[in-house]
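The basis for the numbers below is simple: all heavy atoms, side chains too, and nothing from hydrogens, waters or symmetry mates.
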Protein chains: 2
Amino acid sequence: MTEELPITTSEWEVMRIIWTLGEATSTEVIQLLVKKRDWKASTVKTLIGRLMQKQMLTAKKEGHSNIYQCTISERVAMQREATRLFQNMCAMKNGEVLAQLVSEIQLSKTDIEKLQAVLADKIKDAPDEVACNCLPKEETRE
Amino acid sequence: MTEELPITTSEWEVMRIIWTLGEATSTEVIQLLVKKRDWKASTVKTLIGRLMQKQMLTAKKEGHSNIYQCTISERVAMQREATRLFQNMCAMKNGEVLAQLVSEIQLSKTDIEKLQAVLADKIKDAPDEVACNCLPKEETRE
DNA sequence: AATTTACGTTTACAAATGTAATCTAATAAA
DNA sequence: TTTATTAGATTACATTTGTAAACGTAAATT
């Protein structure tokens, strides 16, 4: 039973650091975020505390202090956010939005090739159009 | 100076209905959301009120009641959300996440072709890899 | 005309979030 | 060993969000 508590925007900053470092002490996280976000040390401590409660982080004691690790991979967390977002938006417009997004963000050659492969496969049984799912039922404007 | 107030998840439900209908009375929105989300009429009214404050909706008087319209297009709103999301996540992993996303969501043939065109163009000057931007500066783990 | 209903506005209230100060116990420095 | 510093835990507090009831006035019904 994986917990589904959402990670907030601020908490996300903390997670990114620990994901990237693999593990980290509060001091390390604080240093980086004080620089990046201009937060007070307390703020970062609070966020770490909340992430512990949400079980997004675990800590192993190292003398007096803790070393924190993430309980979920960055990939999985990102995937969840992205999927959740698109599921809450109009299915009919997802394609266009995605196209625009793809054109905006940085992608490596490898990323692009992977995307091309996925698309080449997907186009085989793609529908001619995707219906809008913004209204419940088949309520239509009369 | 377009206002940048974020639309919350609940408010988003209201917007989707009005976007789809083009314009709508509170009664219409209430009917649909009571059905879809099981909210009380009051709740929907509150959300409409907040969206008015955030200037995401405008109203034209029609007798006693109002007819609401969105001040921003669904496409643009979706685009913003999607862009904002990806900008807050690891640039290095965006590609993989996107690939997974593309494989999961519904896309029409046309959508796919559009994506393919974007990618074909983009691959020309794509970098070999995209750097992780989760840490500020060039702090590296020593 | 009297009454009920509908619609917009105001008020309510708990939980989540952003941001932080303070307290306490342990460790390091003097 | 006394003192200063650190690190985690507790408390704080304003704003936003989710969810809704109550209120006042215009409109529709009786």
> Mapping A/Asp38 and A/Ile7 to their closest nucleotides on DNA chain C, which lands nearer the 5' end?
Replying inline: A/Ile7

>> Using OP1 and OP2 only, check whether a side-chain N or O of A/Thr9 sits under 4.0 Å from C/dG18.
In response: yes

> Hey, is the side chain of B/Lys54 poking within less than 4.0 Å of OP1 or OP2 on D/dT17, counting only N and O atoms?
Replying inline: yes

> Checking all strands, does A/Thr25 fall into the base, sugar-phosphate, or nothing category for heavy-atom contacts under 4.0 angstrom?
Replying inline: nothing

> Starting at the 5' end of DNA chain C, which residue's closest nucleotide do you reach first, A/Thr43 or B/Lys45?
Replying inline: B/Lys45

> Any donor-acceptor pair under 3.5 Å between the side chain of B/Arg50 and the base of C/dT10?
Replying inline: no

> C/dG18 P sits how many Å from A/Leu33 CG, rounded?
Replying inline: 13 Å

> In whole angstrom, what separates B/Leu51's CG from C/dG8's P?
Replying inline: 14 Å

>> For a side chain to side chain donor-acceptor pair (under 3.5 Å) check, start with the C-alpha distance between A/Asn66 and A/Lys60, then their side-chain angles and the critical distance, and finish with the verdict.
In response: CA-CA 6 Å; A/Asn66 286 333; A/Lys60 47 181 188 192; over 6 Å; no

>> Determine whether a donor-acceptor pair (one donor, one acceptor, N or O, separation below 3.5 Å) exists between the side chain of A/Thr46 and the base of C/dA20.
In response: yes

> For the pair made of CD in A/Glu62 and P in D/dT6, what is the distance, rounded to whole Å?
Replying inline: 18 Å

> Between C/dA21, C/dT19, C/dG8, which nucleotide gets closest to the side-chain atoms of A/Lys40?
Replying inline: C/dA21

> Among D/dG8, C/dC7, C/dA20, which nucleotide sits nearest the side chain of A/Ser42?
Replying inline: C/dA20

> Got a sec: does the CD of B/Gln79 have more than 12 other heavy atoms crowding it under 6.0 Å?
Replying inline: yes

>> Checking A/Asn133 against B/Arg16: is there a side-chain donor and acceptor pair closer than 3.5 Å?
In response: yes

> Of all the nucleotides listed (D/dG8, C/dC7, D/dT19), which has the minimum atom distance to the side chain of B/Arg37?
Replying inline: D/dT19

> What's the verdict on salt bridge (Lys or Arg N to Asp or Glu O under 4.0 Å) for A/Arg84 and A/Glu81, showing C-alpha distance, side-chain angles and the deciding distance?
Replying inline: CA-CA 5 Å; A/Arg84 190 194 44 64; A/Glu81 285 307 305; 2.8 Å; yes

> Expressed in angstrom and rounded to an integer, what is the separation of B/Ile48 atom CD1 from C/dC7 atom C1'?
Replying inline: 10 Å

> So which nucleotide from D/dG8, C/dA21, C/dG18 ends up closest to the side chain of A/Ser10?
Replying inline: C/dG18

> Looking just at side-chain N and O atoms, do B/Glu104 and A/Thr83 make a donor-acceptor pair shorter than 3.5 Å?
Replying inline: yes

> Do B/Glu129 and A/Thr110 meet the criterion of a side-chain donor-acceptor pair at a distance under 3.5 Å?
Replying inline: no

>> What is the separation between atom CE on A/Met56 and atom C1' on C/dA16, rounded to the nearest whole Å?
In response: 17 Å

>> Between P on C/dC7 and CG on B/Asn66, what's the gap in Å once rounded to a whole number?
In response: 11 Å

>> Whole angstroms only, please: what is the CD1-P distance between A/Ile67 and D/dA7?
In response: 12 Å

>> Looking at C/dA6, I'd like to know if its phosphate oxygens (OP1 or OP2) sit under 4.0 Å from a side-chain N or O belonging to B/Ser26.
In response: no

>> Below the 4.0 Å mark, does C/dT17 have OP1 or OP2 next to a side-chain nitrogen or oxygen of A/Thr8?
In response: no

>> From CD of B/Gln53 over to C1' of C/dG8, roughly how many Å is that when rounded to an integer?
In response: 13 Å

